Amino acid sequence: FQQEYKTLGYPHGYFNDRLVEAIDNMLATPNIIGPVKLVQPNVLYQFANPDFEALSAGQKILLRMGPENASRIKAKLTEIRRDLTGQSPQG
């Protein structure tokens, strides 16, 4: 993975560091109970709450899958992060 990461244009970065950063971003997704309101200003739907609309693409996906499924994904991401780093996420 490291070699391909360099090939993609990141010669000084580390794939594992970026992976942990992406996992931490997903784990920081807010836990929402209840329905999330959407609006359709054009063809595509958006979150009515601008704070939700400003989240990263991965965080939006977690919100869209609902709290039960998001919780399962977050648990797996925490496990993967622990395997990669030997540490649980902060917070």
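No experiment lies behind these values; they were computed from the predicted model shown.
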Nearest 0.5 Å please: distance from the CZ atom of F15 over to the NZ atom of K6.
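Reported value, rounded in 0.5 Å steps: 14.0 Å.
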So how far is it from R64 CZ to N69 CG, rounded to the nearest 0.5 Å?
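If we round to the nearest 0.5 Å, R64:CZ and N69:CG are 14.5 Å apart.
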In the single-linkage hydrophobic clustering (I, L, V, M, F, W, Y; side-chain heavy atoms under 4.5 Å), do [X] and [Y] co-cluster?
X: F1; Y: I80; value: yes
X: M26; Y: F47; value: no
X: Y45; Y: L62; value: no
X: I61; Y: I23; value: yes
X: L27; Y: L84; value: yes

For [Y], is there any backbone N or O sitting under 3.5 Å from a side-chain donor or acceptor partner on [X]?
X: E21; Y: D24; answer: no
X: Q59; Y: S56; answer: yes
X: R81; Y: Q87; answer: yes

Nearest heavy atoms of P41 and Q46, plus distance in Å:
CG-OE1, 3.5 Å
Over all heavy atoms of both residues, which pair between V39 and A48 is shortest? Give the atoms and the distance, please.
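For V39 and A48, the tightest heavy-atom pair comes out as CG1-CB, 3.7 Å.
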Mind checking what makes ring pair (Phe, Tyr, Trp, His ring centres under 6.0 Å) contact with Y10, not counting sequence neighbours?
Y5
Between E68 and S71: side-chain donor-acceptor atoms closer than 3.5 Å
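No.
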Among T29, L38, V36, find the residue that satisfies the side chain to side chain contact (heavy atoms under 4.5 Å, CB included) test when tested with F52.
V36
So, K76 and E79, do they make that salt bridge, N to O below 4.0 Å?
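Salt bridge: yes.
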Salt bridge (charged side-chain N to carboxylate O under 4.0 Å, His left out): which pairs involve residues 48-57, sequence neighbours left out?
E53-K60
